[in-house]
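Remarks on the structure that follows.
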Amino acid sequence: MSKADRRKPTATTPPRWVATLLRWFAAPDTLEETEGDLLEMYAYWVGTVGLRKARWKYIGSVVRLLRPFAKHKRSKEYPQPFLFSYAMIRNYFKIAFRNLLKNKGYSAINIGGLAVGMAVAMLIGLWVHDELTFNQHHENYARIAQVMQNHHFGGEIRTGSGTPKQLETALRNQYGSNFKYLVLAGGAGEHTLAFGNTKVTQTGNYMGPEVAEMLSLKMLKGTRWGLKDQNSVMLSESTSKSVFGDSDPIDKILKIDNNQSVRVTGVYADLPHHSSFSNLAFIAPWKLLEKDLPPWIGWGNNWFQLFVQIADNADMNRVSANIHNAKLNHIDKEEAKYKPVVFLQPMRNWNLYSNFKNGVNAGGRIEIVWLFGVIGLFVLLLACINFMNLNTARSEKRAKEIGVRKAVGSAKAQLALQFLGESLLVVSIAFVISLLLTRLCLPEFNNVVEKKIVVPWNMPSFWLACIGFVLFTGLVAGSYPALYLSSFKPIAALKGVTSKLTGGHFSGSPRRVLVVLQFSVSVTLIIGTIIVFRQVQFAKNRPIGYSRQQLVSSPIKSDEIIKHYAAFRNDLLNTGIVEEVTATDSPVTNTFVTNSGFSWKGKDPSMTDEFVTLRITHEFGKTIGWQLKHGRDFSKEFPTDSMGFILNEAAVKYMGLKNPIGEMIQWGNNGKYKVIGVVKDLVTQSPYEPVRQTIFFLNYIRISLISMKIKPTASASAAVAKIGSVFKKYDPENLFQYTFADQEYNRKFSDEERIAMLTTFFAVLAVFISCLGLFGLASFVAEQRTKEIGIRKVLGASVVNLWQLLSREFLVLVIVSCIISGPVAWYFMSDWLQRYTYRTEISWWIFAAAGVGALTITLLTVSFQAIKAALLNPVKSLRSE
Amino acid sequence: MKRTFLGEFEEVVLLTVAILGEEAYGVTVTQELEQKTGRSVGFSTVHTTLQRMEEKGLLSSKMGGATAERGGRRKRFFTVTAFGRKALQEVKQVREELWNALPPQTLQLMGG
């Protein structure tokens with residue numbers, strides 16, 4: 001009977017829709033006999049009252065028999081199989097292990113790929129967890145904040161964490177009810193601690209006495225109030241160990257930087273690595289620093305940090321809003337031009353949301369956390385896709401098993417459960433391997449990301465997360481095979497007609513979609529990696545306007561050097577290894593001193609100016625090798641040069657000077673300075689940002705750093721030894737420390753290089769996992785078409801023909817992936833590049849290169865299997881089975 | 001003991017099932033009723049009545065006898081249970097007692 005006829009009622013068949021209605025809405029218990037009875041009655045009515053009436057009677061009966069809300073009352077005639085019977089579960093395990101052992105190659109690819117993916121996801125998970133829980137171990141985490149300020153500089157708002165020391169008193173007196181603790185801090189950095197002959201250099205800080213309570217330091221010895229006395233110090237456990245060994249440090253007298261004598265009043269447990277204060281090796285009292293500060297330090301000197309803990313019942317945002325004018329109320333008109341706004345940066349934002357743009361919080365590290373979180377998920381997804389692909393492909397080999405299971409009464413749910421269980425089993429094995437991998441890779445990973453992450457083996461929440469993770473991966477990876485396999489039609493499966501197993505024409509499409517997805521992610525990562533690398537390279541190749549080779553810097557730790565600078569310089573030159581010596585107040589690779597209050601001819605009176613300033617000595621230019629554009633360098637022949645400025649090109653542009661040489665510039669109360677020269681821009685800050693307006697001028701008093709140019713012929717180690725002995729002569733108490741300018745400069749790229757390194761790692765991994773999957777798929781396809789290939793060979797197909805036949809499909813998929821990933825990568829990478837003012841272009845060849853690369857790798861992967869299949873002896877392949 | 005109340009239609013259907021013996025299922029009961037009583041009986045009514053009487057325990061059923069004309073579907077054969085037979089007996093007894101109580105002249109008037 002054809003389809004069209006079946007719909008029309010004939011003498012023997014009543015209208016089908018009525019029967020359907022019955023099936024949907026009649027009482028389920030009596031459905032079978034009702035349907036049969038009605039068919040018999042219909043035939044009877046056709047014989048007795050005629051077709052037309054019979055149909056009406058049939059319909060009427062059905063309608064009257066509809067019981068839409070009826071439920072099963074009788075128990076089923078056949079017992080329902082118990083889903084979790086012991087015998088069956090044992091059988092599932094047995095079959096699963098047999099299958100794994102039978103296909104060792106597939107199993108290795110499957111488990112290996114998944115384990116690598118999981119290990120990466122786990123590493124990233126640990127890292128993200130570490131970033132998100134940064135500082136959270138401080139008991140008062142939610143109530144601690146740092147006081148920050150916004151200043152207006154010519155239409156732009158700058159945000160800084162420096163505060164004047166007077167702000168603490170002002171907050172205490174006027175807004176005291178908002179705060180529980182206020183801690184001023186300053187002088188952070190490396191200091192020498194001396195006890196007898198033991199000398200160590202440690203990073204410490206001078207802080208208010210409430211700091212221990214605020215940070216809830218765990219005191220091993222002494223109390224949290226040990227900093228009340230001006231001449232006291234608290235040490236971290238490891239510092240105490242390195243100075244005093246195992247002896248009791250309490251009440252011993254230490255010397256800080258050889259001039260401050262302090263008594264040890266407490267020892268606190270080292271702060272964990274994921275704390276903003278992790279390198280706080282000792283805390284000295286703020287008062288000790290304050291007593292030596294020059295008296296003129298006022299509201300304008302934002303040199304210190306102010307940490308607060310807000311009162312227990314206070315609200316962070318409200319307190320922050322309350323103190324907005326805390327500085328403005330205390331300063332004169334000239335200072336008020338900068339419109340300082342005081343606000344709080346809560347501790348929870350310190351690590352992840354530390355960037356400010358125009359006075360508004362603009363994210364920060366959180367973007368990287370997101371980036372790597374997403375990449376980690378993608379790598380895991382790729383591994384899951386592999387697993388799904390290989391499983392479904394291989395499953396057709398298990399069609400017979402499924403057919404038999406269905407024939408002897410397995411329900412679809414049971415089969416789905418079996419395959420889900422099998423995937424969970426494989427995932428569990430992969431998980432154990434991935435735990436081992438994670439453990440092995442963690443030290444290396446810690447190196448790259450500069451952290452000290454450990455696997456929290458004894459944390460219940462870690463294991464809970466792991467179990468959840470295994471379940472999730474197992475279910476995601478196993479869901480598609482489970483649903484696909486359990487929907488096989490038993491008859492087709494037993495006959496072995498694989499193409500008709502699920503009845504659809506598109507049973508292979510999901511697999512293709514998955515391959516496309518995999519390669520889209522991989523190609524996107526490749527493109528991203530290339531662009532990150534190019535950006536780093538681009539910034540590295542930027543001309544910086546001076547020579548950083550053979551340039552050594554050393555901090556001035558003793559006033560003796562400043563007092564006897566000329567003699568000191570001569571001694572250095574006399575070593576024969578130093579070409580030139582200069583001194584500055586901030587490192588040339590990181591000029592952090594800024595000043596304002598300059599006025600010049602033609603300056604807009606309302607303009608709030610700000611310049612980077614660098615105090616230098618006469619030989620600065622020669623030492624670093626800057627390039628003069630106009631005018632002349634500082635010279636000892638002109639005594640007036642002590643009131644001279646040298647500007648960089650950016651400053652000339654900033655001031656709008658046509659003929660800068662000879663211009664007079666008034667700097668607040670410091671006097672009138674004359675511009676004597678203009679130099680080409682020097683990159684002394686971020687290599688990704690435009691060079692800022694800079695003023696260079698002479699100063700032999702407020703200098704903090706000696707920079708030396710070593711002769712190109714001299715070796716660095718010999719030079720350092722000789723320089724060290726000169727330093728020792730003038731400053732015998734302190735340890736000689738030095739840095740190389742080129743190393744310091746390269747450190748500016750460390751963040752970007754780390755990103756580049758990690759994305760490379762991820763891209764390689766993604767490609768590797770994708771290829772692993774592709775390799776498995778290709779070998780499967782080749783195996784499935786063994787007979788076809790044999791016949792083709794017999795009929796005269798060449799190896800090249802067969803290779804084309806087998807590779808074409810995969811190539812098309814990868815080309816589609818390239819087309820998809822191009823725009824996606826472009827979108828994200830151009831967004832990423834936006835953050836750099838000085839950035840590389842995204843040119844078309846990057847996409848082409850990534851595409852060609854992906855295609856080549858695909859071809860290599862697939863060709864191996866294709867050629868292997870094509871070279872097979874047709875006699876053998878045709879004789880199989 | 002409390003008597004089971006049998007409706008008139010129920011009584012007729014129960015009797016028919018008893019008459020048909022081994023062959024009693026929805027279709028035969030309906031057709032037999034139509035032929036014996038001459039009145040048009042709805043299949044759905046018969047079906048529902050049979051179900052109800054099985055629930056009451058007057059009938060029992062079992063599945064079987066699939067034929068091609070029913071599209072391979074099985075029939076539900078009904079048999080009268082002991083309780084059903086007792087109910088029929090009681091109904092008959094009540095009828096007979098009532099008939100016997102009828103005065104002879106009235107019986108004559110009715111043409112008996």
Side-chain angles (χ1 to χ4, degrees), chain A residues 1 6 9-23 25-50 52-78, chain B residues 7 9-10 12-14 16-17 20-81:
Chain A
M1 199 185 302
R6 227 167 39 192
T10 61
T12 50
T13 55
R16 270 158 53 92
W17 62 269
V18 189
T20 310
L21 199 67
L22 189 72
R23 237 168 272 144
F25 294 119
D29 285 335
T30 60
L31 182 65
E32 184 181 350
E33 71 262 23
T34 322
E35 264 189 274
D37 285 0
L38 276 171
L39 271 180
E40 257 184 75
M41 286 306 290
Y42 179 74
Y44 168 71
W45 286 324
V46 170
T48 50
V49 292
R52 234 179 87 83
K53 269 203 160 174
R55 286 188 60 198
W56 281 116
K57 272 178 169 278
Y58 179 78
I59 293 167
S61 302
V62 166
V63 169
R64 257 169 281 163
L65 282 172
L66 296 185
R67 305 280 187 277
F69 302 111
K71 288 198 185 104
H72 281 288
K73 281 178 196 154
R74 296 194 189 93
S75 64
K76 281 267 173 72
E77 271 159 278
Y78 301 111
Chain B
F9 192 68
E10 281 180 335
V12 180
V13 170
L14 197 56
T16 319
V17 171
L20 287 168
E22 297 280 285
E23 279 300 309
Y25 68 100
V27 173
T28 49
V29 173
T30 315
Q31 291 174 352
E32 182 76 10
L33 268 176
E34 268 190 18
Q35 283 158 17
K36 286 276 155 61
T37 61
R39 70 182 184 192
S40 166
V41 182
F43 167 77
S44 50
T45 327
V46 174
H47 177 82
T48 323
T49 311
L50 286 169
Q51 296 291 328
R52 194 168 57 234
M53 287 202 290
E54 192 186 2
E55 270 171 39
K56 282 183 182 172
L58 299 164
L59 293 172
S60 68
S61 74
K62 63 169 193 227
M63 304 294 287
T67 57
E69 56 179 329
R70 304 169 52 85
R73 292 176 188 84
R74 291 171 300 165
K75 301 165 182 170
R76 186 178 291 281
F77 289 114
F78 290 94
T79 44
V80 182
T81 60

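For the numbers below, each heavy atom of this structure counts, side chains included, while hydrogens, waters and symmetry mates do not. In what follows, chains are A, B, ... by sequence order, proteins preceding strands, each numbered from 1. The structure displayed is predicted, hence computed values, not measured ones.
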So [Y] and [X], do their side chains get closer than 4.5 Å, heavy atoms only?
| X | Y | value |
| --- | --- | --- |
| Phe9(B) | Val46(B) | yes |
| Thr67(B) | Lys75(B) | yes |
| Leu22(A) | Val18(A) | no |

Please identify, among His47(B), Arg70(B), Gln31(B), the residue contributing the most non-hydrogen atom pairs under 4.5 Å to chain A. Arg70(B)

Partner chain A: residue of Gly72(B), Ser44(B), Gly26(B) with the largest heavy-atom pair count (under 4.5 Å):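 The candidate making the most pairs under 4.5 Å is Ser44(B).
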
So, the part of Thr30(B) with a heavy atom under 4.5 Å from chain A: the answer is side chain

Does a donor on one side chain and an acceptor on the other come within less than 3.5 Å for Glu54(B) and Ser61(B)? yes

